[in-house]
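We count ligands from 1, going down the list as the structure has it; atoms in each ligand are counted the same way. Residues take their numbers from the sequence shown, with the count starting at 1. Source: prediction; values computed, not measured.
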Amino acid sequence: MDVSVFSTKPYDRRFLDAANARLSQPHRLAYLEVGLNAETVLLAQGSQAVCVFVNDVLDAGVLERLAAAGIQLVALRSAGFNNVDLAAAKRHGITVARVPGYSPEAVAEHTVAMMLALNRNIHRAYARVREGNFALDGLLGFDIRRRTVGIVGTGKIGVAVARIMKGFGCGIVACDPCINDECVAMGAQYVPLDELLATAQIITLHCPLTPQTHHLIDAAAIARMQRGVMLINTSRGAVVETRAIIAGLKSGAIGHLGLDVYEEEGDLFFNNLSDEVLQDDVFARLLTFPNVLITGHQAFFTLEAMTAIAEVTLKNLSSFEQSGRANYEVSIEKLA
Ligand code: NAD
């Protein structure tokens, strides 16, 4: 199949080329560094499929033009699919496929890395020691054991976080419309969101971004949390309302914040902008807090996850080419 592969970095090419070379019928992958959006959609001309990542924009206008260019399949290299207008894809007869659960542990382990780093101020200690400052003031942490962790969304990643935090000796409260049996067996208590917010000392978000979860964590939600709570978001940026979070940090309502995702990350993440002036004042404000740790959407970025993403993406392309159906399709009907 001829595939236009958008938003590619050298590491994407490395894993996709390796997986493609293992296929008996390899695909013709045209790598493009640019993201897919209204300005770049013409670059897909001549392909039957586009392969895209988390910040590519597949709104109704882009999908209409992809259909006009003969694109039949959108192959996401991600688990999340909030950047695709599924209703428009259906209207235009475009199949959408994703890579569910390529390595929930990769994201879960990064989530816990953020918890530990924030709690023990590893990010600050690293900088201090390099400057010859060995003072401990400001580095006081707390024992994670016996703390209550609130997990919002106990799908593949949420349950992997629960497993790790159980190992730390934490209590688990969870909130999800679908109860996960493994979480229950671990002793997790399912409670309504408001109760989770009020009970947990560490809150971690693992639900998808949908109209229902957009700004799930807003000023009202923060007001229900314990003062000084630790909040971690490795799901999607817009699950939290950034301005409300900043107000929460300023007042001390939020004691630690770990973000791997950001509402407006499309203009920032995955690029080296170190020679440029940061234009996003909200993001700039976040960077000023000593108790905020931000990573640029790297929670998925492990050897195992990249290998699995490449393999499953190419299998989606192969199965679609052979049978007209991709292995892991997402559709508006499946969500209903
Ligand atoms: P999953 O589909 O296995 O689990 C998501 C869970 O969220 C489901 O159990 C679902 O019922 C639950 N949910 C839906 N709406 C909810 C709500 N309103 N409140 C509470 N729970 C709700 O997905 P997953 O593989 O665990 O991934 C979760 C999310 O993590 C993805 O949608 C994606 O946005 C994000 N993600 C981020 C990275 C990263 O690198 N930072 C990587 C992979 C996935």
Within-4.5 Å side-chain heavy-atom neighbours: F320 and T95: yes
Has [X] got more than 12 heavy atoms of other residues, nucleotides or ligands less than 6.0 Å from its [atom1]?
{"X": "E329", "atom1": "CD", "answer": "yes"}
{"X": "E33", "atom1": "CD", "answer": "no"}
{"X": "R128", "atom1": "CZ", "answer": "yes"}

4.0 Å heavy-atom contact, G101 with ligand 1: no
Ligand 1 contact by H297, heavy-atom criterion under 4.0 angstrom: yes
With nothing but distance in play, are any N or O atoms of [X] less than 3.5 Å from an N or O of ligand 1?
{"X": "K156", "value": "yes"}
{"X": "F300", "value": "yes"}
{"X": "P177", "value": "no"}
{"X": "Y102", "value": "no"}
{"X": "T234", "value": "yes"}

What protein heavy atom sits nearest [atom], and how far away is it?
{"atom": "atom 7 (O) of ligand 1", "value": "P208 CD, 3.3 Å"}
{"atom": "atom 4 (O) of ligand 1", "value": "G155 CA, 3.2 Å"}
{"atom": "atom 44 (C) of ligand 1", "value": "I157 CD1, 3.5 Å"}
{"atom": "atom 18 (N) of ligand 1", "value": "T213 CG2, 3.3 Å"}
{"atom": "atom 20 (C) of ligand 1", "value": "C175 O, 3.4 Å"}
{"atom": "atom 36 (N) of ligand 1", "value": "R236 NH1, 3.7 Å"}

Distance flag, aromatic centroids of F300 and F53, threshold under 6.0 Å: yes
Test item: side-chain donor near acceptor, T234 and H110, under 3.5 Å: no
Selected option - heavy-atom contact closest to atom 10 (C) of ligand 1, from L216, D176, T295, N83: D176
